[in-house]
Every structure is written in structure tokens, then in C-alpha cells.
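Presented below is the structure to which this report refers.
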Amino acid sequence: MSHRPLVIVSNRGPVGHRFGDDGKPVPTPPAGGLATGLRPLLEEGTTWVAAAVSDADRAAVRDGGGRVEADGLAVRMLTFDPGMYRMAYDVVANASLWFLHHGLWDLPRRPAFDRHWFEAWDAFRAYNTAFAEVVAETAPGDAVVLVQDYHLPLVAEPLRRMRPTLATVHFSHTPFAGAEGILALPTEPAHELLGSMAQFDACGFHTARWAERFAAACAELDVGPPATFAAPLAPDVAGLQEVAAGAACDERLVELESILGDRAAIVRVDRLELSKNVLRGFLAYEALLERREDLRDRVVFVASLYPSREGVLDYLAYEQEVRGLARRINSRFGSSSWEPIVLDIGDDFPRSVAALRRYDVLLVNPLRDGLNLVAHEGPAVNERAGVVCLSREAGAFERLAPAVEAVHPFDVTQTAEALERALAIGPEQRRARAQELSHLIAAWTPRHWLDANLAAVPAP
Ligand code: G6P
């Protein structure tokens with residue numbers, strides 16, 4: 001489509017690092033759907049600007065003089081003072097803007113915007129400005145700059161000042177706070193946020209619903225909105241299928257089969273994340289086991305959860321609640337031969353993919369989700385024509401609705417009924433639905449997403 005050079009800008013880059021046995025930083029594969037989906041599409045000449053997010057990243061940047069190599073891609077990694085980075089990433093991006101856009105705040109208690117928070121907002125602005133400076137230095141005149149997500153909305157304002165004619169797009173991988181939501185932010189930061197976003201040539205969202213909420217927030221604060229577009233991201237199906245076909249995944253599947261035997265599997269694969277609604281998923285399963293005695297010992301709920309954002313206290317507390325609830329349900333219904341919930345908290349990608357290969361029912365019940373890639377990835381590798389139970393509040397629902405069981409994420413009783421229906425669907429209908437899902441998923445690829453971003457900017 002376009003052969004303009006690309007500059008991709010995101011907090012987490014297309015490569016990470018860990019310390020090897022010799023204490024030297026070793027590259028690790030990309031985490032997250034954006035990097036894995038885009039990587040095969042990026043041509044030579046693409047620059048990716050990202051933050052060093054760990055000590056090992058910072059060491060790699062020191063060794064490489066500011067640049068790190070990611071499989072032929074030029075990556076500019078910005079290092080920040082760790083305290084300043086925590087304020088920008090944990091306090092503002094994760095504990096404030098993520099909560100704002102997903103409606104996660106516990107309003108009687110939080111948020112409380114105190115002096116510490118306003119200092120963090122200053123750090124957030126400085127962190128965004130640092131990205132803008134590197135882009136301004138490196139982007140060729142005809143480049144398209146694709147800025148990703150809620151970490152970096154304030155890049156546009158300084159970038160416009162430094163490079164007024166650069167083509168820029170911002171893409172939100174989250175939902176967006178609507179008119180009511182935006183009013184919860186303090187007045188000046190709210191204006192700064194939307195005022196900066198309005199200076200991108202266009203702002204993209206996974207669905208029209210989030211784009212409309214963004215426009216409504218702009219109208220509420222009297223900010224003239226930029227052009228918007230809706231284009232869902234898509235998973236890297238080929239890469240995922242490669243993992244699914246690998247020996248490590250086969251081994252994990254054998255382990256899983258030895259636990260499951262001939263029982264049905266309800267599976268969830270998620271970051272251990274408040275918006276994913278893990279607790280109500282377990283409560284729905286409990287309600288099902290309570291009512292349907294015949295299902296006891298005939299089904300296992302496999303929850304494969306990987307730790308996330310451990311710098312935010314609410315996430316640590318949430319993990320304790322998740323563990324506690326699983327324990328309670330297991331001791332209420334379990335027996336010496338049957339553990340109703342197999343809770344796996346850890347970072348083992350082949351194990352998660354093995355669970356996706358094996359599910360009879362995949363539960364994806366987020367409270368609110370920009371898109372949700374797991375709902376696409378599951379059907380791409382599942383081997384049993386399993387049924388997907390999908391939250392109406394996930395952006396993915398817009399496209400996949402015809403072939404899934406709809407879940408009301410707050411209604412535990414309805415979720416239990418959706419699980420029950422999904423378990424009861426016969427083989428023929430399962431196959432028909434799985435096929436329909438495959439078609440829906442194959443029809444939209446990362447290439448479509450990238451093209452939609454490029455089409456949103458004016459010609460050079
Ligand atoms: C999820 C969200 C993205 C977000 C990413 C950040 O994938 O859907 O919107 O950018 O998490 O994750 P991190 O682990 O870097 O905080």
C-alpha cells in the first residue's frame with residue numbers, strides 16, 4: 001500500500017531482554033499482540049521507538065549505545081530514571097489511565113488526585129516529550145509515525161511543535177473513557193490529554209464504539225476532535241500455529257491431558273488483570289457446579305494466567321483474591337481425584353497455547369476490553385471445535401458475535417447459563433460454529449490493521 005517509511009512508537013518495544021547466566025542482557029521474543037502481529041510486515045527502514053522497561057533492557061541499551069537490534073529492525077530504546085519511569089508507567093498510565101478507560105475505579109475510595117499524583121503527571125508529560133524528541137530527531141520527512149496506546153497520548157503536542165508537518169496517528173488499544181469518564185480526571189490533565197490527542201492527524205480505535213466515546217469526551221471538554229477511524233488489530237495466526245505445532249506445546253498438552261482425562265475443559269488464558277473479570281468467571285462456574293450436580297467431576301476449569309503489572313498494588317491484591325476464590329471452590333466441590341479449578345499462574349506461553357488447543361469452552365468475559373486477542377487466538381489453534389463464550393463488552397464481540405455465546409460480564413447467573421449452553425452444544429453445531437469463527441478471524445489480518453492506519457494520514 002504505502003511505501004513511506006514507518007516510525008512505530010510504543011512503551012513496550014518489539015524486543016525485551018533478560019539477564020543471562022553470565023550477567024549479560026540476552027534478547028527475549030516480543031511480548032504482546034502488537035509486536036508479534038506487525039513484525040512480519042515491517043520493511044527495512046522501519047524504526048521502532050520504545051522504552052527500556054527492565055534493568056536488563058537498560059543494560060542492553062548501555063551496551064548498544066542507545067540502539068538495540070531486533071532481528072534487523074532498528075530499535076531506539078529510551079532509558080529513564082527508574083523512579084520517573086514508575087511514576088509515568090505505573091502511577092499514570094497503568095493505575096490511572098488504564099483504570100479510567102476500563103471503568104475500573106473503586107469510586108468511593110479511588111482515585112484521589114493528590115500532590116504525588118500531580119508530580120507523576122509531570123513525569124508522564126516528560127516521558128511523552130522524550131519520545132517526541134527522539135521521533136523528531138529520527139523520522140524522515142515523508143515518514144508516517146504510528147504512536148501506540150494510552151502510555152503516549154501527550155507525544156503529539158511537543159512533536160507538532162518540533163516537526164509540524166510529520167504525519168502522525170495515535171492508536172488506542174483500550175476502550176476510551178466517554179464524556180462522563182473523562183470528567184473524573186482533574187480538569188487540566190483532562191484538557192491536556194484530549195488537547196494533545198487532537199493534534200494527531202488521526203486517532204484510531206479497535207471499534208467504532210470506542211471512537212464514539214472518544215468523540216463524546218472531546219465534545220464534553222470542548223476540544224475539536226481529530227479524524228478518527230476504527231480498525232481492529234488481528235493476531236499473528238501463523239506464528240501462533242507454529243508454537244502450537246512445536247514440541248514444547250505438545251509436552252504441555254500431554255501434561256494437561258493427564259489431568260483432564262475425558263473430562264470437558266473450560267479454559268481461560270489471560271493476563272492476571274482486573275479488567276479480565278477472573279473472579280466472576282469462577283463464581284459463574286461455581287454456580288454451574290452448584291446447580292448441575294451431574295457436571296461435577298465431568299468438567300475442569302483451566303485458568304492459565306500470567307502475572308502482569310506487579311508494580312501496581314491492586315494487581316497484587318487481585319492475585320490473592322483469585323487464588324483464594326479458586327481454593328474455596330476447589331475445597332467445596334473437589335475430591336481426591338478431581339480438582340475443579342486448575343489455576344496456573346506463571347509465564348509459560350506453550351502451556352497457554354496447549355490449553356487453547358484443548359478447550360471445549362473458552363471463557364473470555366472481560367468487564368470491558370479494547371478488543372481481546374485471545375478470543376481470536378483460541379479458535380485459530382483449538383483442536384476440538386470448542387465454543388467461545390465472549391463478553392459483549394469486548395471489542396472483539398462486534399465481529400465475532402454471530403459465532404459465540406454472548407456473556408454479560410457482570411451477570412454471574414447469565415454467565416453460568418452461557419457456560420452451561422456451551423457445554424451442551426452437540427458436535428455438528430460445534431463444528432459449524434468453529435468454522436464460522438475461523439472464517440471471521442481469517443478475513444481480517446494485521447496487514448488490514450496497518451493499512452487502515454496508513455490510510456488515515458494525508459498524502460505527503
Ligand atoms: C495489553 C493491552 C494493551 C497494552 C499492553 C501493555 O496488551 O491490551 O493496550 O498496551 O497490555 O502491557 P504491559 O505489560 O506493557 O503493561
Side-chain angles (χ1 to χ4, degrees), residues 8-18 28-38 48-54 56-57 75 77-78 80 85-104 124 127-128 131 146-153 155 170-177 203-207 210 214 231-236 240 269-278 305-316 318-319 346-347 349 352 364 366-377 391 393-397 446 449 453:
I8 300 181
V9 189
S10 64
N11 173 64
R12 195 180 285 278
V15 64
H17 299 86
R18 61 176 176 78
T28 54
L34 178 73
T36 48
L38 281 193
W48 199 310
V49 184
V53 303
S54 65
D57 281 351
V75 181
M77 262 200 180
L78 280 67
F80 296 95
Y85 183 71
R86 263 197 303 279
M87 288 204 275
Y89 174 71
D90 282 331
V91 178
V92 175
N94 287 340
S96 303
L97 297 179
W98 179 270
F99 277 53
L100 173 77
H101 293 317
H102 289 85
L104 293 177
F124 184 66
Y127 153 93
N128 273 255
F131 275 84
L146 301 180
V147 180
Q148 306 303 308
D149 236 351
Y150 59 98
H151 313 91
L152 296 167
V155 164
H170 182 275
F171 195 92
S172 294
H173 293 271
T174 59
F176 203 87
C203 285
F205 299 87
H206 285 307
T207 70
W210 311 139
F214 169 69
L233 188 60
D236 169 26
L240 194 68
V269 172
D270 281 305
R271 280 189 305 113
L272 188 38
E273 154 66 51
L274 283 75
S275 66
K276 300 298 181 189
N277 206 17
V278 180
L305 304 173
Y306 40 106
S308 181
R309 306 190 189 151
E310 289 164 300
V312 180
L313 272 182
D314 301 73
Y315 284 65
L316 299 177
Y318 192 63
E319 176 175 343
D347 195 352
F349 190 53
S352 300
V364 183
L367 302 173
R368 194 185 287 172
D369 208 333
L371 181 69
N372 196 289
L373 282 178
V374 174
H376 299 73
E377 291 164 346
S391 168
E393 295 298 317
F397 189 76
W449 180 83
N453 277 265

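All ligand and atom numbering here is 1-based and tracks the order in the structure. On a predicted model such as this, the values are computed, not experimentally measured, just so you know.
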For this session: Report the relative orientation of the aromatic rings in His173 and Phe171; use parallel for angles under 30°, tilted for 30 to 60°, perpendicular for over 60°.
Result: tilted
Problem set entry | Identified ring-ring contact (aromatic ring centres under 6.0 Å, His included) counterpart of Phe176 within the set His101, His206, His102, His170 | His101
Exercise. Where do Val9 and Leu152 land on the side-chain contact (heavy atoms from CB on, under 4.5 Å) test, with the steps shown first?
Worked result: CA-CA 8 Å; Val9 189; Leu152 296 167; 3.9 Å; yes
Exercise. At a 4.0 Å threshold, what atoms of ligand 1 neighbour a non-hydrogen atom of Trp98?
Worked result: 2 (C), 9 (O)
For this session: Identify which of His173, Arg271, His101 has a heavy atom lying nearest to atom 1 (C) of ligand 1.
Result: Arg271
Exercise. So, does Ser96 use its side chain to make a donor-acceptor pair with the main chain of Ala93 at under 3.5 Å?
Worked result: no
For this session: Note the single closest protein heavy atom to atom 6 (C) of ligand 1, along with its residue, its atom name and the distance in Å.
Result: Arg309 NH2, 3.4 Å
Exercise. Counting both backbone and side chain atoms, is some N or O of Tyr89 under 3.5 Å from an N or O of ligand 1?
Worked result: yes
Seminar exercise, completed: Logged contact type for Gln148 with ligand 1, heavy-atom cut-off 4.0 Å, is neither
Exercise. Nearest heavy atom to atom 9 (O) of ligand 1: which of Asp90, Asp149, Asn11 does it belong to?
Worked result: Asp149
Problem set entry | Geometric class of the Phe205/Phe214 ring pair [parallel <30°, tilted 30-60°, perpendicular >60°] | tilted
Problem set entry | Identified side-chain hydrogen bond (donor to acceptor under 3.5 Å, both in side chains) counterpart of Tyr150 within the set Asn11, Thr174, Asn94 | Asn94
Problem set entry | Proximal ligand 1 atoms for His151, defined as those under 4.0 Å from one of its heavy atoms | 10 (O)
Exercise. Heavy-atom contacts under 4.0 Å between Phe171 and ligand 1: side chain, backbone, both, or neither?
Worked result: neither
Problem set entry | Under 3.5 Å: N/O of Arg12 near N/O of ligand 1 | yes
For this session: Determine, step by step, whether Lys276 and Asp369 satisfy the salt bridge (Lys or Arg N to Asp or Glu O under 4.0 Å) criterion, reporting the C-alpha distance in whole Å, the side-chain angles of both residues, the deciding distance to 0.1 Å, and the verdict.
Result: CA-CA 8 Å; Lys276 300 298 181 189; Asp369 208 333; 2.9 Å; yes
